[in-house]
Asker: 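This is the structure I have questions about; it appears just below.
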Amino acid sequence: MDKEAFQTDLVQWFQEEQRDLPWRKNNDPYKVWVSEVMLQQTRVDTVIPYYNRFLEKFPTIEAFANADEESILKIWEGLGYYSRVRNLHTAVKEVVADYGGKVPDKKEEISKLKGVGPYTAGAVLSIAYGKPIPAVDGNVMRVLSRILLITDDIARPASRKTFEIAAKGLMYHENPSYFNQALMELGALICTPTSPACLLCPVREHCQAFSKGVQDQLPVKTRKKNTKHEDLLAVVLKNKEGKILINKRPEKGLLANLWEFPNLKVVPLLDKWEILQDFLATEYSIDAVIEHAAFTEVQHVFTHLTWKIDAYEGRVMSGNIKGHESLRFVTEEELEEFAFPVSHQKIWRAYKERAR
DNA sequence: TAGTCGTGGAG
DNA sequence: TCTCCAAGACT
């Protein structure tokens, strides 16, 4: 193919057609980094308000480095993949401590930072520093698989190497930032997973898949997902002062360090209010009275897991949560300050709107 | 390597 | 309603 024509057609299209997005207003390495982490596996429209709020609250790398974990989780609340913000926090603190607050511009250094994988390293280095390093995400693999007729299975981690080599070979050294962004923008707007808009594509003359009419069969992507189902019982428990009992999740695993209403996994068909009462007594030494009917049933779908949560209402008769570090009684007003996963936000909304 | 880790949108 | 996600990284 005519590499130079491909590069200029692609980049010129990007200059004319790129979307007006908040993180494209400047190339500050910290801001580029924040946007790239937020955009991991997350749609642009979802990220925009989070990005604006984030930089309003943490306008500089130092401001974010000095934040406490509760506040960084709260600002990420609802965005998902919460380890991203904890890793970013760890990495930013390291940049402030070891690099004087300047985001490293060397691949070997930036790649050592927590949460910075090959894609994010390439994106930050090219967009913020103009380095000719590929940034291979799902868009780029899809676009290149069609342009170059690459049939490697993009679901296999090993395939990334093939696409990195391809992207490096096509790199537009006059403007690596625009080149990388243009490949992704093309994937987002034109070269979409289903029904790509080839007739609007600025590089269709260079596209092998289009010339053969096989664009709908690329990229090759296998992988089946196994969705588990879990049934949970949760309780919104009030003490005599009207405070609500909440629990901090473990620091590792699903929804790490987020807050939730006390809950337990149950065997289907055996979920009854007695189980909750017994759970509170044996697990937390709390003597409680639980309403006999759930006030809501919440269904929540994760990538590889589904929760069905029956939520009950209850009152504390006696008990002491001292010794249970993860538990806390908070007022309804205070509760709003804690970061909850969406599934438990649903429970809280249903609780406040419940018929009594 | 394959599994883990969220959420809301689109077809 | 159901499937498949969307600018990935970590273990």
Side-chain angles (χ1 to χ4, degrees), chain A residues 14 18-19 21-24 32-51 73 76-88 90-91 110-124 126-127 134-144 153-161 163-164 167 177 179-189 191-195 219 221-230 249-258 260 298-307 339-346:
Chain A
F14 178 70
Q18 65 170 294
R19 290 167 291 179
L21 300 173
W23 44 89
R24 287 181 174 160
V32 171
W33 187 7
V34 169
S35 73
E36 292 303 339
V37 172
M38 284 189 170
L39 286 163
Q40 288 168 9
Q41 299 291 289
T42 311
R43 291 183 147 74
V44 165
D45 289 341
T46 302
V47 167
I48 289 173
Y50 280 91
Y51 176 81
L73 282 173
W76 210 267
E77 181 185 49
L79 194 54
Y81 287 137
Y82 300 94
S83 65
R84 289 184 294 176
V85 72
R86 301 202 301 139
N87 288 338
L88 180 62
T90 300
I110 197 172
S111 297
K112 286 181 187 160
L113 298 170
K114 283 213 173 46
V116 179
Y119 164 75
T120 303
V124 172
S126 62
I127 297 171
V136 175
D137 70 340
N139 283 314
V140 173
M141 288 195 283
R142 181 172 62 256
V143 169
L144 292 182
D153 181 359
I154 66 169
R156 289 178 49 248
S159 300
R160 121 179 314 286
K161 191 66 188 170
F163 290 96
E164 279 182 354
S177 167
F179 178 77
N180 282 343
Q181 291 187 75
L183 281 179
M184 292 187 276
E185 193 79 343
L186 189 70
L189 300 182
C191 196
T192 48
T194 58
S195 358
K221 184 173 187 178
T222 64
R223 180 171 291 184
K224 51 191 185 296
K225 55 169 177 225
N226 43 344
T227 311
K228 287 189 302 182
H229 289 265
E230 289 182 356
R249 293 178 60 84
E251 62 180 342
K252 287 185 183 302
L254 185 67
L255 305 168
N257 283 2
L258 270 67
E260 65 184 4
V298 166
Q299 189 92 17
H300 192 75
V301 180
F302 300 95
T303 300
H304 59 288
L305 179 66
T306 298
W307 276 353
F340 283 77
V342 167
S343 50
H344 284 251
Q345 293 176 32
K346 291 176 185 170

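Naming: A, B, ... by sequence-line order, numbering from 1 per chain.
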Asker: Find which nucleotide of DNA chain B each of A:Ala158 and A:Leu305 is nearest to by heavy atoms, and output the residue with the more 5' nucleotide.
Answerer: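 Per heavy-atom nearest nucleotide, the more 5' residue is A:Ala158.
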
Asker: Could you state the atom-to-atom distance from CD of A:Gln299 to C1' of B:dT7 in whole Å?
Answerer: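 For the pair A:Gln299 CD and B:dT7 C1', the rounded distance is 15 Å.
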
Asker: So among A:Arg160, A:Lys161, A:Met184, which one has a side-chain contact (heavy atoms from CB on, under 4.5 Å) with A:Val136?
Answerer: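 Checked A:Arg160, A:Lys161, A:Met184 against A:Val136; only one passes side-chain contact (heavy atoms from CB on, under 4.5 Å): A:Arg160.
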
Asker: Closest to the A:Arg160 side chain: C:dA6, B:dT7, C:dA9?
Answerer: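 Per side-chain heavy atoms of A:Arg160, the pick is C:dA9.
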
Asker: Whole angstroms only, please: what is the NZ-C1' distance between A:Lys228 and B:dG3?
Answerer: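 So the two atoms are 10 Å apart, to the nearest Å.
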
Asker: If you pin A:Lys114 and A:Glu36 to their nearest nucleotides in DNA chain C, which one's is more 5'?
Answerer: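 Result: A:Glu36.
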
Asker: Main chain of A:Phe340, side chain of A:Glu77: is a donor-acceptor contact present, judged purely on distance under 3.5 Å?
Answerer: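 A pair under 3.5 Å: yes.
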
Asker: Assign A:Arg249 to base, sugar-phosphate, or nothing according to its heavy-atom contacts below 4.0 angstrom with the strands shown.
Answerer: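 Touches nothing.
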
Asker: Looking at B:dT7, I'd like to know if its phosphate oxygens (OP1 or OP2) sit under 4.0 Å from a side-chain N or O belonging to A:Tyr82.
Answerer: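 Indeed, a polar side-chain atom of A:Tyr82 lies that close.
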
Asker: Grab the OH-C1' distance between A:Tyr81 and C:dA6 for me, whole Å please.
Answerer: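 From A:Tyr81 OH to C:dA6 C1': 9 Å.
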
Asker: Do the non-hydrogen side-chain atoms of A:Tyr51 and A:Leu21 ever get within less than 4.5 Å of each other?
Answerer: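 Sidechains of A:Leu21 and A:Tyr51: no contact.
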
Asker: Please classify the nucleic acid contact of A:Thr120 as base, sugar-phosphate, or nothing, using heavy-atom distances under 4.0 Å.
Answerer: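 If one applies the 4.0 Å heavy-atom cut-off, A:Thr120 turns out to touch the sugar-phosphate alone, with no base involved.
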
Asker: Whole angstroms only, please: what is the CD-P distance between A:Glu230 and B:dG6?
Answerer: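 Going from CD in A:Glu230 over to P in B:dG6 covers 13 Å.
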
Asker: For the P atoms, the ones on B:dG6 and on C:dT11, what distance do you get once it is rounded to whole angstrom?
Answerer: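 These two P atoms come out 13 Å apart once rounded.
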
Asker: Select one nucleotide: of C:dG8, B:dA2, B:dT7, the one nearest the side-chain heavy atoms of A:Pro341.
Answerer: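 Nearest to the side-chain atoms of A:Pro341, counting from C-beta on, is B:dT7.
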
Asker: Would you classify A:Arg142 as touching base, sugar-phosphate or nothing, given that sugar-phosphate means primed atoms plus P, OP1 and OP2, and contacts are heavy atoms under 4.0 Å?
Answerer: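 Here A:Arg142 touches the backbone only, sparing every base.
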
Asker: Which one, B:dG9, C:dG8, B:dT4, comes nearest to the side chain of A:His304?
Answerer: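 It is B:dT4.
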
Asker: Would you mind classifying the nucleic acid contact of A:Val140 as base, sugar-phosphate or nothing, using non-hydrogen atoms under 4.0 angstrom?
Answerer: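 Touches nothing.
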
Asker: Got a sec: does the NZ of A:Lys346 have more than 12 other heavy atoms crowding it under 6.0 Å?
Answerer: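 Count over threshold, so yes.
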
Asker: Check A:Phe163 against A:Met141 and note the closest heavy-atom contact, atom names and distance.
Answerer: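 Closest heavy-atom pair between A:Phe163 and A:Met141: CE2-O, 3.3 Å.
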
Asker: Without decimals, in angstroms, what is the distance between A:Met38 CE and B:dT7 P?
Answerer: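 Value for this atom pair: 15 Å.
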
Asker: Round to a whole Å and report the spacing from CZ of A:Arg84 to P of C:dG8.
Answerer: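 Checked: the CZ to P distance equals 9 Å.
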
Asker: Considering non-hydrogen atoms only, spot the tightest contact between A:Thr222 and A:Ala155 and give its length.
Answerer: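 Here A:Thr222 and A:Ala155 meet closest at O-CB, 3.0 Å.
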
Asker: Would you kindly check whether a donor in the side chain of A:Thr194 faces an acceptor in the base of B:dG11, or vice versa, at under 3.5 angstrom?
Answerer: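 Donor-acceptor pair under 3.5 Å: no.
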
Asker: Answer with base, sugar-phosphate or nothing: what part of the nucleic acid does A:Gly253 contact at a heavy-atom distance below 4.0 Å?
Answerer: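 Sugar-phosphate, no base atom in range.
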
Asker: Pick base, sugar-phosphate or nothing for A:Trp76, based on heavy-atom distances below 4.0 Å to the nucleic acid.
Answerer: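 No contact at all - A:Trp76 keeps every heavy atom at 4.0 Å or more from the nucleic acid.
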
Asker: C:dC5 phosphate, OP1 or OP2: any side-chain N/O from A:Lys221 under 4.0 angstrom?
Answerer: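 Checking C:dC5 against A:Lys221, a side-chain N or O does come within under 4.0 Å of OP1 or OP2.
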
Asker: Contact class for A:Val47 (heavy atom, under 4.0 Å): base, sugar-phosphate, or nothing?
Answerer: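 If one applies the 4.0 Å heavy-atom cut-off, A:Val47 turns out to touch nothing in the nucleic acid.
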
Asker: Where each residue is assigned the nucleotide of DNA chain B containing its nearest heavy atom, which of A:Leu258 and A:Arg156 is assigned the position nearer the 5′ end?
Answerer: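 Nearest-nucleotide comparison on DNA chain B picks A:Arg156.
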
Asker: To the nearest Å, give me how far apart CG (A:Asn87) and P (C:dC10) are.
Answerer: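 Interatomic distance, CG of A:Asn87 to P of C:dC10: 6 Å.
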
Asker: Quick check on B:dT7: is either OP1 or OP2 less than 4.0 Å from any side-chain nitrogen or oxygen of A:His300?
Answerer: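 The answer is yes; a side-chain N or O of A:His300 sits under 4.0 Å from OP1 or OP2.
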
Asker: Measure from CE on A:Met141 to C1' on C:dG8 and round the result to the nearest Å.
Answerer: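 About 9 Å, once rounded to whole Å.
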
Asker: Which nucleotide wins on minimum distance to the side chain of A:Pro193, given the candidates C:dA6, C:dG8, B:dT7?
Answerer: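 Nucleotide nearest to A:Pro193's side chain: C:dA6.
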
Asker: Within the 4.0 Å heavy-atom criterion, would you say A:Thr46 contacts the bases, only the backbone, or no part of the nucleic acid?
Answerer: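 Since no nucleic acid heavy atom lies under 4.0 Å of A:Thr46, the category is nothing.
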
Asker: For the side chain of A:Arg43, starting at C-beta, report the closest nucleotide among B:dG8, B:dG6, C:dA9.
Answerer: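 The answer is B:dG8.
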
Asker: Around atom CD of A:Gln299, are there more than 12 heavy atoms of other residues, nucleotides or ligands at under 6.0 Å?
Answerer: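 Correct, the count exceeds 12.
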
Asker: Roughly how many Å apart are B:dT1 and C:dA6, using the P atom of each and rounding to a whole number?
Answerer: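 To the nearest whole Å, 22 Å.
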
Asker: Classify A:Leu255 by what it touches in the nucleic acid, base, sugar-phosphate, or nothing, heavy-atom distance under 4.0 Å.
Answerer: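 Counting heavy atoms under 4.0 Å across all strands, the contact made by A:Leu255 is with sugar-phosphate only.
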
